[in-house]
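Please read the structure below before turning to the comments.
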Amino acid sequence: MNVMSETFQALRTMRKRQLAHQVINLGLIITSALMIWKFLMVVTHSESPVVVVLSGSMEPAFQRGDILFLWLGGAPFRI
């Protein structure tokens with residue numbers, strides 16, 4: 001709880017220009033992350049290009065906590 005109060009105190013003591021700079025930096029970080037995600041969606045042709053295995057249902061091929069990069073290729077699926 002002490003960390004939160006120190007953070008709010010630091011924000012209160014900032015000048016308006018410093019606070020605006022911090023807000024803009026945070027916005028740039030969030031925007032960059034969204035742009036990277038959208039770029040991966042376009043390149044991989046997938047709505048979720050990166051997924052994490054949450055349960056053991058995919059064992060033994062994938063372990064819990066593995067990160068999977070999905071790619072939908074151009075070739076049609078054959079059953």
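All figures in this text were calculated on a predicted structure; none of them were measured in a lab.
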(request) Give me the other members of the hydrophobic cluster that Met35 sits in, counting Ile, Leu, Val, Met, Phe, Trp and Tyr linked by side-chain heavy atoms under 4.5 Å, directly or via other members. (result) none

(request) If you link ILVMFWY side chains whenever their heavy atoms are less than 4.5 Å apart, which other residues fall into the same cluster as Phe62? By chain and number, please. (result) Val51, Val53, Met58, Leu68, Leu70

Can you hop from [X] to [Y] via hydrophobic side chains spaced under 4.5 Å?
| X | Y | value |
| --- | --- | --- |
| Trp37 | Trp71 | no |
| Met41 | Leu72 | no |
| Leu34 | Val42 | no |
| Val50 | Phe39 | no |
| Leu40 | Phe69 | yes |

Report all side-chain donor-acceptor pairs from residues 9-18 shorter than 3.5 Å, counting only partners two or more places apart or in another chain.
residue : atom : partner : partner atom : Å
Gln9    : OE1  : Arg12   : NH1          : 3.2
Thr13   : OG1  : Gln9    : O            : 3.3
Thr13   : OG1  : Ala10   : O            : 3.0
Gln18   : OE1  : Arg15   : N            : 3.2

(request) Count the heavy atoms belonging to other residues, nucleotides or ligands that lie under 6.0 Å from CD of Glu47, then report whether that count exceeds 12. (result) no

(message) For the backbone of Ser55 and the side chain of Arg64, can you confirm whether one donor and one acceptor N or O come within less than 3.5 Å of each other?
(response) no

(request) To the nearest 0.5 angstrom, please state how far the CD1 atom of Ile36 sits from the OG1 atom of Thr31. (result) 11.0 Å

